[in-house]
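Encoded as structure tokens, the structure appears first; notes follow it.
Here is the naming used below: chain letters follow the sequence lines, and residue numbers restart at 1 for every chain. Quick caveat: nothing in here was measured; it's all calculated off a predicted structure. In what follows, every heavy atom counts, from backbone to side chain, and hydrogens, waters and symmetry copies are set aside.
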2 protein chains.
Amino acid sequence: MVSKLRQDIAAKSESDGGTLGGLRMTKQRKLVYDVLMDERDHPTATEVYIRSKQRMSSISLATVYNCLETLSAAGLVKQVNVGRDASRYCPNLAEHAHFICAKCEQVFDIGLKSDKKVESVWALPIGARIDHLEVAMKGVCANCNGAGEELGGKG
Amino acid sequence: MVSKLRQDIAAKSESDGGTLGGLRMTKQRKLVYDVLMDERDHPTATEVYIRSKQRMSSISLATVYNCLETLSAAGLVKQVNVGRDASRYCPNLAEHAHFICAKCEQVFDIGLKSDKKVESVWALPIGARIDHLEVAMKGVCANCNGAGEELGGKG
DNA sequence: TTGAGATCAAGAATTATTCTAAATAAAATG
DNA sequence: CATTTTATTTAGAATAATTCTTGATCTCAA
């Protein structure tokens, strides 16, 4: 059902307007969404703003925030939080965790092992309703780890 | 080894000063730590500040931030982040996740099921080093769920 | 075309947090 | 014990991300 939604959005992206699941697909919203899809590197709101401005110079930062918020609320993108850093945004709707490298600051999507479920390891509180689960990891990526460590790089 | 550390801190808390694993246990640091131990409800820095001020009226917010940062770095407390909310602090050193209720805003510690490991469900990137893993859940707690829903409360 | 409601833009406001600089306290040295 | 050194605390300024406000603009439906 997620991929069905994807197709619908792609279709909308072709045209000029229309709605999507009650969400009006305005030029700005489409643009922001396209920016996220084009380079799936978990940009921050400011980075999305910079990229969006290259294609629509009139767009404002506030609008980018609005769009990201709207798209998140509609379930079309995910807001990614790692520690206290600025939020990042991600159009990968599959269940996944995030790993950020403390050196190069790249963010990686971490998928579930097949047949595994996140909730399976936690002693969840009985009677509670879990609406949202976020898993964030910080460390050093394979590339930065080992390689370059002795060069005394930035981190 | 964690509980050994605990005892040491408790001991220090009795006396006036001393060091602990290279960490100088100043009045302020002890106070902040005691505040966290006395009411283990995951207070924010501001809440810790308010409680600390009741016992040492001269303490400043900056110092509370300093102490929380120092204690976190020393591994004596954990900084808890859920979404974009203000950080909360927790002296529970066991591996656990956090669940925050969107209605009453209470934070619950969620333990691992016995014999389970967090990493077991994730397809971790080969060659990367994971230093830190944080699991945050949001939803409605057992108490707020079911009870009170029809009363049209705040959230 | 017109009116209502949604969305956008610009900039002000807010909030949590960090930084800075001076004052104080504690530890080390003689 | 007096002095020097170093770490910590304090108060307030600064920062950064995000949200809010207001007026303008757009879109939809009649």
Side-chain angles (χ1 to χ4, degrees), chain A residues 12 15-33 35 42-50 52-74 76-89 100 105 107 136, chain B residues 12 15-33 35 42-50 52-53 55-74 76-77 79-89 100 105 107 136:
Chain A
K12 294 297 173 188
S15 77
D16 227 5
T19 74
L20 183 65
L23 187 72
R24 232 154 81 180
M25 255 303 154
T26 64
K27 283 200 188 78
Q28 289 86 347
R29 285 176 185 167
K30 248 186 316 126
L31 172 54
V32 165
Y33 184 76
V35 162
H42 307 84
T44 62
T46 304
E47 283 161 351
V48 171
Y49 171 56
I50 292 169
S52 297
K53 223 165 162 61
Q54 288 169 1
R55 307 195 208 168
M56 181 191 288
S57 62
S58 65
I59 202 168
S60 75
L61 179 58
T63 296
V64 169
Y65 269 104
N66 282 343
C67 292
L68 290 170
E69 151 73 30
T70 306
L71 292 168
S72 300
L76 303 181
V77 310
K78 286 189 172 181
Q79 189 183 41
V80 177
N81 295 297
V82 185
R84 293 250 91 232
D85 299 349
S87 292
R88 296 169 175 276
Y89 297 85
I100 186 167
E105 305 220 281
V107 176
Chain B
K12 295 298 173 187
S15 76
D16 227 7
T19 73
L20 182 66
L23 187 71
R24 230 154 82 180
M25 255 303 154
T26 63
K27 282 199 189 79
Q28 289 85 347
R29 285 175 186 168
K30 246 186 318 127
L31 172 54
V32 165
Y33 184 75
V35 162
H42 305 84
T44 62
T46 303
E47 283 161 353
V48 171
Y49 171 58
I50 292 169
S52 298
K53 220 164 163 65
R55 306 195 208 168
M56 182 192 287
S57 62
S58 64
I59 202 169
S60 75
L61 179 58
T63 297
V64 169
Y65 270 103
N66 282 343
C67 293
L68 289 170
E69 150 74 31
T70 306
L71 292 168
S72 300
L76 303 180
V77 309
Q79 189 183 39
V80 177
N81 295 297
V82 185
R84 293 249 92 232
D85 300 348
S87 291
R88 296 167 174 279
Y89 297 85
I100 186 168
E105 305 219 281
V107 176

In whole angstrom, give the distance that lies between atom [atom1] of [X] and atom [atom2] of [N].
{"X": "B/Glu69", "N": "C/dA16", "atom1": "CD", "atom2": "P", "value": "18 Å"}
{"X": "B/Met25", "N": "D/dT9", "atom1": "CE", "atom2": "C1'", "value": "16 Å"}
{"X": "B/Leu61", "N": "D/dT10", "atom1": "CG", "atom2": "P", "value": "11 Å"}
{"X": "B/Arg88", "N": "C/dA16", "atom1": "CZ", "atom2": "P", "value": "11 Å"}
{"X": "B/Asp85", "N": "C/dT17", "atom1": "CG", "atom2": "P", "value": "10 Å"}
{"X": "A/Lys30", "N": "C/dT7", "atom1": "NZ", "atom2": "P", "value": "15 Å"}
{"X": "A/Leu68", "N": "C/dT7", "atom1": "CG", "atom2": "C1'", "value": "15 Å"}
{"X": "A/Asn81", "N": "D/dA17", "atom1": "CG", "atom2": "P", "value": "13 Å"}

- Task: Tell me, please, which residues at least two apart from A/Ser60 pass side chain to side chain donor-acceptor pair (under 3.5 Å).
- Result: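 A/Ser60: side chain to side chain donor-acceptor pair (under 3.5 Å) contacts with A/Thr63.
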- Using a heavy-atom cut-off of under 4.0 Å over every strand shown, decide if A/Ser87 touches base, sugar-phosphate, or nothing.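 It contacts sugar-phosphate atoms only.
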- Query: Do you know the tightest heavy-atom contact between A/Gln79 and B/Arg84?
  - Reply: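 Looking at all heavy atoms of both residues, the shortest contact is NE2-CG, 4.3 Å.
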- Could you tell me which non-hydrogen atom of A/Tyr89 sits nearest to which non-hydrogen atom of A/Ala45, and how far apart they are? CE1-N, 4.1 Å
Less than 4.0 angstrom between a side-chain N/O of [X] and OP1 or OP2 of [N], yes or no?
{"X": "A/Tyr65", "N": "D/dT18", "answer": "yes"}
{"X": "A/Lys27", "N": "D/dC26", "answer": "no"}
{"X": "A/Arg84", "N": "C/dT17", "answer": "yes"}

When you compare the side chain of [Y] with that of [X], does any pair of heavy atoms fall below 4.5 Å?
{"X": "A/Val32", "Y": "A/Val48", "answer": "yes"}
{"X": "B/Ile100", "Y": "B/Arg88", "answer": "yes"}
{"X": "B/Glu69", "Y": "B/Tyr65", "answer": "no"}
{"X": "B/Leu23", "Y": "B/Leu71", "answer": "yes"}
{"X": "B/Lys53", "Y": "B/Val64", "answer": "no"}

- Message: Return the OH to OG1 distance between A/Tyr33 and A/Thr26, rounded to the nearest 0.5 Å.
- Response: 14.0 Å
- How far does CG of A/Leu76 sit from SG of A/Cys67, to the nearest 0.5 angstrom? 11.5 Å
- Note on the structure: Under a 4.0 Å heavy-atom criterion, the protein footprint on nucleotides 9-15 of chain C, written with B, S and -, is BBB----
When you get a sec, tell me which of [options] is the closest nucleotide to the side chain of [X]?
{"X": "B/Arg29", "options": "D/dT19, D/dT8, C/dA16", "answer": "D/dT8"}
{"X": "B/Thr26", "options": "C/dT17, D/dA17, D/dT9", "answer": "D/dT9"}
{"X": "A/Arg24", "options": "C/dA26, C/dT17, C/dT7", "answer": "C/dT7"}

- Task: Give the angle between the helix axes at the two ends of the helix from C/dT1-D/dA30 to C/dG30-D/dC1, taking five base pairs at each end and rounding to 10°.
- Result: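 Roughly 30°, once rounded to the nearest ten degrees.
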